[in-house]
Amino acid sequence: MQQSGAARARSCVLFSLLGVLFHGVYIVLSLEIKADAHVRGYVGEKIKLRCTFKSSSEVTDKLTIDWTYRPPSSSRTESIFHYQSFQYPTTAGIFRDRISWVGNVYKGDASISISNPTIKDNGTFSCAVKNPPDVHHNIPVTELTVTERGFGIMLSSVSLLSILVFLPSAVVVVLLLVRMGRKAARLKKRSKSGYKKSSIEVSDDTDQEEEDPCMTRLCVRCADCLDSDYEEAY
């Protein structure tokens, strides 16, 4: 009888544990939180740290959001932002008066922004959200890298477009100039060596003059007008 009583006691304990586990599976719900793994920013330009979440429970005034910061090569973390029905940015440390709330909890957005960032802001940021009874979740981290904006990055899209449009035109002009220069050099060389046109070239020139006599007379007339104007001026 004593053995059977001990067995029943062990069975009761076992069923109680199973009941807690079974109960836990249905009561403790999870949150899905996402954030950018890497964010790059530039000194003096506002940076947005995105964080979104999905909860199986309705958002209430019990929902909390906490952002923390850890400097590079350090295990020390500090709270920089807290939300519960209202936003509470940090009032101390290097992020004092530079953290702004840009999220919307009813749309699953827990994002914040950093104004006037500096290179000293580089580090790891963590976004934690709790929406009871959904309190168990992953905590994503974001690595922030702030650098000086270089000249190459400052080129606007308009400047790049201008370069792409005018560069081919400049290449064509250069090629034409090279071709004209080579042609002029050949003509000069021929004139120095006493080059005479062949019968074919002479006949071609004659044909061109016969085909377009009006144009020839017009060019001569224009030249006479220019000469007369020049003489009257003096």
Closest non-hydrogen atom pair between [X] and [Y], with its separation:
| X | Y | result |
| --- | --- | --- |
| R98 | P117 | NH1-CA, 3.7 Å |
| F81 | P89 | CD1-CA, 3.8 Å |
| F53 | V105 | CZ-O, 3.5 Å |
| T68 | S79 | CG2-CA, 4.3 Å |

Between [atom1] on residue [X] and [atom2] on residue [Y], distance to nearest 0.5 Å:
| X | Y | atom1 | atom2 | value |
| --- | --- | --- | --- | --- |
| K62 | S85 | NZ | OG | 11.5 Å |
| R50 | K34 | CZ | NZ | 13.5 Å |
| H38 | L144 | NE2 | CG | 11.5 Å |
| Q87 | S100 | CD | OG | 9.0 Å |
| I119 | E148 | CD1 | CD | 5.0 Å |

For residues 70-77, run the donor-acceptor check on the side chains, cut-off 3.5 Å, and write out each pair with its distance to 0.1 Å, sequence neighbours left out.
from	atom 1	to	atom 2	distance (Å)
R70	NH1	S74	O	3.2
R70	NH2	T124	OG1	3.4
S74	OG	R76	N	3.2

Set of residues satisfying side chain to side chain donor-acceptor pair (under 3.5 Å) with respect to S111, sequence neighbours excluded: D109
Side chain to side chain donor-acceptor pair (under 3.5 Å) against E45, all qualifying residues, sequence neighbours excluded: R149
Tell me if a side-chain donor or acceptor on [X] pairs with a main-chain N or O of [Y] at a distance below 3.5 Å.
| X | Y | answer |
| --- | --- | --- |
| D36 | T142 | no |
| N131 | L31 | no |
| N122 | V146 | yes |
| W67 | Y83 | no |

From CA spacing to verdict: side-chain contact (heavy atoms from CB on, under 4.5 Å), Y69, I99: CA-CA 12 Å; Y69 166 73; I99 302 296; over 6 Å; no
Among I112, V102, I114, side chain to side chain contact (heavy atoms under 4.5 Å, CB included) partner for K48: V102
Heavy-atom side-chain proximity of V39 to T145 below 4.5 angstrom: no
Flag side-chain contact, heavy atom, 4.5 Å: E78 against T90: no
Parallel, tilted or perpendicular, as decided by the 30° and 60° cut-offs, for the rings of F95 and F125: perpendicular
Single-linkage hydrophobic cluster Y106~L63, side-chain heavy atoms < 4.5 angstrom: yes
Joint cluster assignment, V59 & W101, ILVMFWY side-chain distance < 4.5 Å: yes
side-chain contact (heavy atoms from CB on, under 4.5 Å) between I139 and I33, intermediate numbers included: CA-CA 7 Å; I139 301 180; I33 306 175; 6.0 Å; no
side-chain hydrogen bond (donor to acceptor under 3.5 Å, both in side chains) assessment of S56 paired with D134: CA-CA 7 Å; S56 59; D134 297 353; 3.1 Å; yes
Among H82, K130, Q84, the one residue meeting side-chain hydrogen bond (donor to acceptor under 3.5 Å, both in side chains) with D66: H82
